[in-house]
Asks: 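Would you mind keeping the following structure in view while I ask a few things?
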Amino acid sequence: MSTDEKLTKPYNPKDTEPRIYDLWEKSGYFSPNRLGRENAEPYTIIMPPPNANGSLHAGHAVFVTIEDLIIRYQRMRGKRALWLPGADHAGFETQVVYEKKLEKEGRTRFGMDRDELYKEILTFTLSNKEFMENQLRQLGASCDWSREKFTLDPKVIDIVYDTFEQLYKDGLAYRGSRSINWCTKHQTSLSELETMSVDREDPLYYMKFGPFTLATVRPETKFGDTALAVNPTDERYKEWVGKEIEFEGLIGTIKLRVIADDYVDKTFGTGVVKITPAHDPNDFAVAQRHNLAVVEVIDQFGKLNEKCGKYAGLKVEEARKIVAEDMKKVGMLVKVDEKYKHAVKVCYKCERTLEPRVLPQWFVRMKPLAEAVIPLVEDETIKFYPDHYKKIMLHWLRNIEDWNVSRQIVWGIPIPVWYRDDEIIVSKDSPVGEDWIKETDTFDTWFSSGQWPFATLGYPDEPDYKNFYPTQVMETAGEIIFFWVARMIMFGKYRTGKLPFKDVYLHGIVTARDGKKMSKSKGNVISPIELSDKYGTDALRMGLIIGNTPGTTTALYEEKIRAYKLFANKLWNVSRYVSDNTEETIAKPRLTEEDEALIKELNGVIHSTTKNLDNYRFYIAAEELYHYVWHNFADIIIEQSKSKLKSEDKVIIESKNYTLRYILMTCLRLLHPFMPFITEEIWQTINYNPSILMVEEWPKA
RNA sequence: GCACCUUUAGCUCAGUUGGUUAGAGCGCGCCGUUCACAUCGGCGAGGUCUGAGGUUCGAACCCUCAAAGGUGCACCA
């Protein structure tokens with residue numbers, strides 16, 4: 001078939017892209033083992049594993065585009081390029097998604113058999129995983145499918161267990177009864193990162209407790225009070241410290257000891273605080289210092305329990321009003337500030353107020369882990385793009401607190417712990433002997449994700465770990481810098497002694513056109529897959545790169561993608577022109593001065609594209625290539641060539657013939673990482689003996 | 001409360017270490033094209049680079065202050 005017939009018009013991405021992807025996948029070049037570069041420098045990117053619980057969204061499309069761009073560039077630079085794909089079981093997130101599905105079906109997870117529920121979610125996740133993998137293919141991801149990992153792979157779980165055991169042995173993982181964030185809807189505890197603070201206006205009640213008046217927004221927790229506290233320097237209450245007061249409450253006589261603690265602010269309210277250790281984290285801390293009893297009066301569903309007498313069974317919000325009214329009746333209520341502004345912690349998923357509860361949970365002591373990496377962030381052994389994330393990271397690392405890794409959900413990796421009376425064994429294997437009870441809690445998803453780089457590469461013995469760890473760059477969303485990036489850095493250093501990557505590139509959130517975050521409820525969600533279907537993946541990719549600077553939000557909208565579809569069309573037609581009007585030559589002819597100048601100009605483009613890609617300035621590189629191809633190559637060089645190719649002078653014709661082809665081939669190479677499908681298709685068509693562009697050499701200036 | 005980000009053409013955004021008339025895409029106006037172009041080309045209008053000071057021979061870019069929008073962290077009942 002002649003090139004004229006194959007480069008027909010117009011370019012049709014929908015027919016081309018799957019065919020080209022298939023060509024790549026079958027070539028085996030996604031795997032570094034097949035590149036025939038045993039001695040070449042490795043270049044590794046570990047893919048942030050998408051949650052296997054739904055369709056890919058715009059944020060996924062950004063990371064696929066940028067990471068694929070980087071890995072294609074490095075592959076063309078001759079590196080042993082590995083982009084390792086994965087999928088995340090996404091514990092809590094998936095459980096929430098699945099619960100919604102159950103709700104729609106009129107079912108609920110509560111009361112379901114644990115194993116049954118686990119199996120259902122597993123089936124759901126595995127089918128989503130396959131769906132998601134095909135979407136990654138559609139977006140052109142040149143990742144090594146033979147190395148794909150799932151967060152629930154037995155090998156991955158083994159490594160996670162080893163880490164937990166080691167943390168336990170080192171005294172960094174411990175079981176403790178501490179005040180934790182409890183979501184009454186999702187019936188699990190959450191880490192600090194999974195909470196959000198929201199500003200609220202609530203009534204502040206001033207209550208009379210014996211000789212004192214004190215302020216609280218939560219009168220309903222009074223049944224769990226175990227002390228009153230004042231500031232040790234507060235002259236007003238000095239005589240009371242250490243004494244016990246007794247007075248009539250709503251459900252009987254109350255006896256409370258008065259203690260002194262610096263935590264109390266003399267200037268707030270009346271300077272007296274009731275201490276409710278079970279239902280307030282600050283009060284819990286006070287209780288620990290003073291050895292106070294912890295009395296739970298609110299249950300896991302956010303209802304007052306049997307210790308609250310006639311108020312038992314009431315929900316917290318109802319109880320608050322009723323208790324306040326009753327106190328008013330008996331004269332305990334002194335006054336109410338109706339609009340007291342304060343912040344409340346809510347569940348980041350359902351936005352319900354979190355109930356602090358004291359429960360035995362597993363915690364990881366993060367301070368030592370953080371201290372080991374702080375100097376390496378400070379001296380930029382690990383470098384952030386954009387660099388202001390360095391400050392954000394350091395601030396967080398310096399103020400890090402213990403991490404609650406226990407979740408009361410079935411969908412996750414079970415915490416490998418066994419209990420018998422007072423004995424605790426941390427082990428992935430069942431202990432010998434009778435009567436051991438297995439822990440039912442699962443790990444916070446991020447506990448396992450935090451080990452992803454070395455877990456996927458098979459730490460400590462597998463060849464991949466030796467060949468590809470540490471990796472070069474972690475490219476992910478800025479919003480998960482604490483959830484994920486910080487933990488990978490700390491766990492990577494802790495387990496392997498090395499930082500898991502050299503550079504961290506953080507892209508911003510993709511928003512709708514109006515700059516608002518996309519959300520189903522706002523109805524402004526744009527599907528990257530639909531855009532790819534409509535305009536082609538190459539156009540989508542260009543639209544996601546150009547104008548996308550790291551760390552800032554990027555708006556995605558249809559017109560933008562359409563514009564790059566036109567660019568793809570332009571490139572296609574440029575190629576048709578060159579194909580129709582020039583011939584492939586073997587030897588380089590003598591070039592005219594004009595053509596020498598054009599090649600020199602092209603060299604400038606090669607130089608700056610290379611430099612920009614080396615410095616993660618994809619947006620500039622893409623824009624420059626766009627501009628060069630369209631407004632230089634097409635508008636000027638090709639237009640001027642039309643008369644030159646009709647010249648009588650053979651030297652001029654041969655020179656132009658060579659130059660046009662040379663420029664086109666170079667542009668295809670330069671554009672390949674950005675627009676892999678169309679460039680490969682043209683490459684395949686225009687060369688008599690086509691190689692695969694994906695593994696062609698990057699041009700040199 | 002503390003920190004960080006953003007503020008450049010009607011819209012969405014670039015502008016790499018401060019250096020000549022500040023750029024792109026979309027949109028808009030006029031003209032021309034089907035001879036690579038399910039189109040494209042040419043020309044054009046449109047910006048006191050949020051504001052006020054300062055540093056400098058020179059500032060969209062560096063410093064100080066302020067304003068608006070956004071995000072994160074913390075929070076005392």
Side-chain angles (χ1 to χ4, degrees), chain A residues 4 7 9-12 192-193 195-197 199 204-207 214-219 221 225 228-229 231 263-276 279-283 286 340-345 386 388-392 394-396 399 401 478-479 481-482 508-509 511-517 542-543 546-581 608 611-612 614-617 619-624 626-627 630-631 634-636 638-639 641-642 660:
Chain A
D4 300 66
L7 278 178
K9 63 177 174 178
Y11 174 62
N12 183 341
E192 291 305 311
L193 286 177
T195 70
M196 277 189 326
S197 288
D199 290 326
L204 180 65
Y205 302 92
Y206 285 79
M207 316 184 297
L214 51 90
T216 182
V217 285
R218 302 201 62 183
T221 62
D225 295 345
L228 292 180
N231 189 287
Y263 153 69
V264 183
D265 182 348
K266 283 192 281 191
T267 63
F268 185 88
T270 58
V272 186
V273 189
K274 70 190 196 67
I275 301 298
T276 321
H279 302 292
D280 185 287
N282 292 308
D283 291 7
V286 173
Y340 169 64
K341 280 184 195 161
H342 68 141
V344 179
K345 273 191 184 172
H388 72 257
Y389 275 108
K390 175 184 171 181
K391 271 191 220 166
I392 295 173
L394 281 172
H395 180 261
W396 191 75
N399 295 290
E401 285 181 20
E479 22 174 13
I481 181 169
F482 303 139
I509 303 172
T511 66
R513 173 153 206 158
D514 57 7
K516 298 259 162 59
K517 202 170 171 174
M542 283 299 267
I546 294 180
N548 184 345
T549 44
T552 58
T553 63
T554 308
L556 176 65
Y557 48 91
E558 198 162 336
E559 303 96 287
K560 193 159 148 185
I561 306 306
R562 203 182 56 218
Y564 296 111
K565 158 83 181 166
L566 295 179
F567 177 63
N569 190 51
K570 191 67 171 180
L571 180 65
W572 185 251
N573 283 302
V574 162
S575 306
R576 285 178 61 200
Y577 172 84
V578 174
S579 168
D580 290 350
N581 294 285
S608 68
K611 197 176 150 201
N612 283 327
D614 284 339
N615 291 298
Y616 301 109
R617 290 195 290 259
Y619 46 103
I620 299 175
E623 206 163 355
E624 190 181 7
Y626 174 97
H627 196 262
W630 199 317
H631 300 298
D635 288 351
I636 299 172
I638 285 184
E639 285 309 317
S641 79
K642 287 176 181 173
L660 287 178

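This structure is a prediction, so every number in the text was calculated from the model and none was measured. Letters A, B, ... are given to chains in the order of the sequence lines, protein chains preceding strands, and every chain is numbered from 1.
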Asks: Distance check, C1' atoms only: B/rA66 and B/rC13, in whole angstrom units.
Replies: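 Roughly 26 Å separates the two C1' atoms.
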
Asks: Which part of the nucleic acid does A/Glu479 contact within heavy-atom distance under 4.0 Å: base, sugar-phosphate only, or nothing?
Replies: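 Touches nothing.
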
Asks: Where do A/Gly478 and A/Tyr389 come nearest, in terms of heavy atoms and distance?
Replies: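 That would be CA-OH, 3.7 Å.
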
Asks: Between protein and nucleotides 1-5 of chain B, what N or O pairs are separated by less than 3.5 Å?
Replies:
none

Asks: Base of B/rA74, side chain of A/Lys345 - is there a donor-acceptor contact under 3.5 Å?
Replies: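 Side chain to base: no pair below 3.5 Å.
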
Asks: For the side chain of A/Ala634, starting at C-beta, report the closest nucleotide among B/rG41, B/rC13, B/rA36.
Replies: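 Of the options given, the side chain of A/Ala634 lies nearest B/rA36.
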
Asks: Which one of A/Ile275, A/Val273, A/Val272, A/Val286 satisfies the side chain to side chain contact (heavy atoms under 4.5 Å, CB included) criterion with A/Val264?
Replies: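 Of A/Ile275, A/Val273, A/Val272, A/Val286, side chain to side chain contact (heavy atoms under 4.5 Å, CB included) with A/Val264 is met by A/Val273 alone.
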
Asks: What nucleotide, of B/rG25, B/rG72, B/rU16, holds the atom closest to the side chain of A/Arg617?
Replies: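 Nearest to the side chain of A/Arg617 among the choices is B/rU16.
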
Asks: Let's see if you can work this out: which of B/rC26, B/rC40, B/rG15 has an atom nearest to the side-chain heavy atoms of A/Thr549?
Replies: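 Nearest nucleotide to the side chain: B/rG15.
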
Asks: Between B/rA36, B/rA14, B/rU12, spot the one nearest the side chain of A/Glu623, thanks.
Replies: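 That would be B/rA14.
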
Asks: So which heavy atom on A/Lys274 is nearest to which on A/Asp283, and how close?
Replies: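 So the two residues come closest at O-OD2, 3.3 Å.
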
Asks: Could you tell me the Watson-Crick or G-U partner of B/rC35, where both distances fall under 3.5 Å? Say none if there is no partner.
Replies: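 WC or wobble partner does not exist here.
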
Asks: Can you measure from CD1 (A/Ile561) to CG (A/Leu566) and round to the nearest 0.5 angstrom?
Replies: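 That separation rounds to 11.5 Å.
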
Asks: Base, sugar-phosphate, or nothing: which does A/Phe482 touch, judged by heavy atoms less than 4.0 Å apart?
Replies: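 Here A/Phe482 touches the backbone only, sparing every base.
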
Asks: Closer than 4.0 Å, any side-chain N/O of A/Asn569 to the OP1 or OP2 of B/rA38?
Replies: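 Looking at the OP1 and OP2 atoms of B/rA38, one of them is under 4.0 Å from a side-chain N or O of A/Asn569.
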
Asks: Does B/rC61 have a Watson-Crick or wobble mate here (both distances under 3.5 Å), and if so which one?
Replies: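 Because no pair has both required distances under 3.5 Å, B/rC61 counts as unpaired.
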
Asks: Check whether any side-chain nitrogen or oxygen of A/Lys570 sits under 4.0 Å from OP1 or OP2 of B/rG41, and answer yes or no.
Replies: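 For B/rG41, OP1/OP2 do have a side-chain N/O of A/Lys570 under 4.0 Å.
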
Asks: Strictly by Watson-Crick or wobble contacts shorter than 3.5 Å, is anything paired with B/rG25, and which nucleotide is it?
Replies: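 Base-paired to B/rC11.
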
Asks: For a quick check of understanding: with a heavy-atom distance under 4.0 Å over all strands, which category does A/Lys642 fall into, base, sugar-phosphate or nothing?
Replies: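 Here A/Lys642 touches the bases of the nucleic acid.
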
Asks: Counting only side-chain heavy atoms from C-beta out, which of B/rG41, B/rA38, B/rC26 sits nearest to A/Asn573?
Replies: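 Closest nucleotide to the A/Asn573 side chain: B/rA38.
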
Asks: Quick one: pull up CG in A/Asn231 and OG1 in A/Thr267 and give me the separation to the nearest 0.5 Å.
Replies: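 Spacing of CG (A/Asn231) from OG1 (A/Thr267) equals 9.5 Å.
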
Asks: Considering non-hydrogen atoms only, spot the tightest contact between A/Tyr11 and A/Lys565 and give its length.
Replies: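 Here A/Tyr11 and A/Lys565 meet closest at O-NZ, 3.9 Å.
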
Asks: I want to verify a distance call: between B/rG25, B/rG41, B/rC73, whose nearest atom is closest to the A/Tyr557 side chain?
Replies: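 When the side chain of A/Tyr557 is considered, B/rG25 is the closest of B/rG25, B/rG41, B/rC73.
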
Asks: Going by purine N1 to pyrimidine N3 plus the second Watson-Crick contact, or the G-U wobble pair, all under 3.5 Å, which nucleotide sits opposite B/rG18?
Replies: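 Paired with B/rG18, as far as the under-3.5 Å criterion goes, is no nucleotide at all.
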
Asks: Work out which heavy atom in A/Arg218 is nearest to a heavy atom in A/Thr221; give both atom names and the distance.
Replies: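 Nearest pair, atom of A/Arg218 first, then A/Thr221: O-OG1, 2.9 Å.
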
Asks: Name the nucleic acid region contacted by A/Ala343, choosing base, sugar-phosphate or nothing; use a 4.0 angstrom heavy-atom cut-off, strictly under.
Replies: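 The answer is base, as A/Ala343 lies within the cut-off (heavy atoms under 4.0 Å) of a base atom.
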
Asks: Select base, sugar-phosphate, or nothing to describe what A/Asn399 touches, counting heavy atoms under 4.0 Å on all strands.
Replies: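 It contacts nothing in the nucleic acid.
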
Asks: According to the Watson-Crick and G-U wobble definitions, with both distances under 3.5 Å, which nucleotide is paired to B/rC2?
Replies: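 When the pairing criteria are applied, B/rG72 turns out to be the nucleotide that pairs with B/rC2.
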
Asks: Indicate the atoms forming the closest heavy-atom contact of A/Pro219 with A/Thr216, along with that distance.
Replies: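 What the structure gives for the nearest pair is N-CG2, 3.9 Å.
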
Asks: Does a distance-only test, which skips hydrogens and angles, find a donor-acceptor pair under 3.5 Å between the side chain of A/Glu192 and the base of B/rA74?
Replies: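 Answer no: no donor N or O sits under 3.5 Å from an acceptor.
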
Asks: Let's see if you can work this out: which of B/rC26, B/rC13, B/rA36 has an atom nearest to the side-chain heavy atoms of A/Glu559?
Replies: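 Among B/rC26, B/rC13, B/rA36, the one nearest the side chain of A/Glu559 is B/rC26.
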
Asks: Counting side-chain heavy atoms from CB outward, which of B/rC26, B/rG15, B/rG41 is closest to A/Tyr619?
Replies: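 For A/Tyr619, the side-chain atoms sit closest to B/rG15.
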
